[in-house]
Amino acid sequence: MIWKLFLFLLLAFVSIAGIAFPIVKKPSAWYEFPLIPGLEENAKIIFFHVPTAWLTVIAFLMSTIYSVKYLRKKNLDDDAKSYSAAQLGIIFCILATVTGSVWSKFAWGSFWSWDPRQTSIFALLLIYGAWFALRSAIEQEEKRATLSAVYAIIAFITVPFFIFIMPRIMSGLHPGSADDTNAGPVVNFKMNSNMQLIFYLSLTGFTILYFWMWRLGYKSIILTAKSLLREQNKQL
Amino acid sequence: MKSYYLFSKDYHSEIRTRYAINSLIMFIIVAVSVILFSIGNERIPGNLTAGLYWVVIFFSAMSGLGRAFISEEERGTSMTLQLIASPSTVLSGKIIFNMILVFAMNIVITFIYSILFEEFVIHNHILFIINFILGNFGLAVSATIIAAIIAKAGSKGTLYPVLSFPILLPLILTSAKLTLFSIDGTAINDAVFELAIVACYDVIMISASYMLFDFIWKD
């Protein structure tokens, strides 16, 4: 209970601070953000865009870890955990795509420009979509769990290509691209300390939210399976 | 050596029916003629032909390579294979078969392209050949492992391109770029990073395939 209250307060504070705190040229009070040239007021979406993108990758990582666990132990609970992580992952993936393209409309002038990071989030969306399509195609539980675990692992090992290598070879608009003159993410450079504080608070808040939702998700999947089993036993 | 026998089994049954070869050839002709019809009398620049070249390769591969394991499931011979051969032998045989299919297919596509598209002129031949070998190797390996998943998922043919595309995307993006380089005549020294990416992809995919195939193959 205390966790949920804490999480509620944290996310409420982050949302209010992220949206309402003013951006001024020379920040003096604790609640003022610095003006980042080229971003201006757009900079505020970073408190929501980066955590969603971060959770997309975390969810995919956890889905893969539980897939590996499933293949080793053949315990269907691990499959439920992996499935629940992927369910949240696709939600955060869509959120990251939407917030990203809104930001790109105002910062770069168009909703979509096939920047390497945009390409990689698109590939992640495709992977999630293909994974759910594969799961829905198989009836038998064990077979579904095994095949989707194998596919999740194969898909996961292509992710480093998208996240680390593509942005280095393709020219792009995101910080950290091949032709970027700043040679570093916005986070390290131009944010002042209170902006960084809110940014990391938002990251923590969203991560805790994710883990909470993930626990609820896999527990409900396991409970549904158990109640189905009980009903089948009753009918027999 | 055993995997060679498996390959020769596939080869002989393919020669008897010629299903994959015929459908591949027809698919290549259809895909290229669709592109030609949509272009009309326009001259398309070299960078577009490099992309279109990989579009045709991807979809032809998707139409032909998926058969590898589905045919075993359809004929009901996968149980026998499980009894007489280890999973890695089966995978090796299938990869060899698909590899030869991919190489034959891409030689045909390259030939057709260089005849029909005026802008498709390779200036750096060595780079093109290295990319051709590395790219086809990766394509065959990834297509084979996904084909195994599809066959066990109940031969859902429509799922095959859906599952393969995200896996093949890094390979296709990099290979398309390298094809563009070889059309532009870029020196090999400037393309080492891209070649390294394709080589890494091949190594990662082949090791992952051998590690994971046991789980797919054994019910």
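All figures in this text were calculated on a predicted structure; none of them were measured in a lab.
- Rounding to the nearest 0.5 angstrom, the gap separating the OG1 atom in A:Thr146 from the NZ atom in B:Lys218 is 13.0 Å.
- Of the atoms belonging to B:Tyr201, heavy atoms from both backbone and side chain fall under 4.5 Å from chain A.
- The distance from the CD1 atom of B:Ile149 to the CD1 atom of A:Ile154 is 4.5 Å, given to the nearest 0.5 Å.
- Counting all heavy atoms, side chain and backbone alike, A:Ala155 lies closest to B:Ile167 at CA-CD1, 3.6 Å.
- Rounding to the nearest 0.5 Å places CD1 of B:Ile204 at 9.5 Å from OG1 of A:Thr158.
- The shortest heavy-atom contact between A:Leu147 and B:Ala153 is CD1-N, 3.8 Å.
- Few gaps surround CD on B:Glu119; more than 12 heavy atoms of other groups in view lie less than 6.0 Å from it.
- The only member of B:Ile145, B:Leu163, B:Ile216 that meets side-chain contact (heavy atoms from CB on, under 4.5 Å) when paired with A:Tyr151 is B:Leu163.
- By the neighbour-count criterion of 12 heavy atoms within 6.0 Å, atom OH of B:Tyr210 is densely surrounded, having more than that number from other residues, nucleotides or ligands.
- Remark: B:Leu169 CG to A:Ser120 OG distance equals 10.0 Å, nearest 0.5 Å.
- Shown here is B:Ile126, whose CD1 atom has no more than 12 heavy atoms of other residues, nucleotides or ligands within 6.0 Å.
- Between chain A and the options B:Ser209, B:Pro170, B:Cys200, heavy-atom pairs under 4.5 Å are most frequent for B:Pro170.
- Residue A:Val150 comes nearest to B:Phe215 through the heavy atom pair CG2-CB, 4.0 Å, listed as atom of the first residue, atom of the second, then distance.
- The minimum heavy-atom distance linking B:Pro166 with A:Ala123 is given by the pair CB-O, 4.3 Å.
- Within the 4.5 Å cutoff, side-chain heavy atoms of A:Leu71 are placed close to those of B:Leu212.
- With a 4.5 angstrom heavy-atom cutoff, B:Leu171 does not touch chain A via any of its atoms.
- Here the CD1-NZ distance, from A:Ile138 to B:Lys152, works out to 11.5 Å after rounding to the nearest 0.5 Å.
- Between chain B and the options A:Ile127, A:Val159, A:Leu124, the largest number of non-hydrogen pairs under 4.5 Å is found for A:Ile127.
- Within the 4.5 angstrom heavy-atom criterion, only side-chain atoms of A:Thr119, from C-beta onward, approach chain B.
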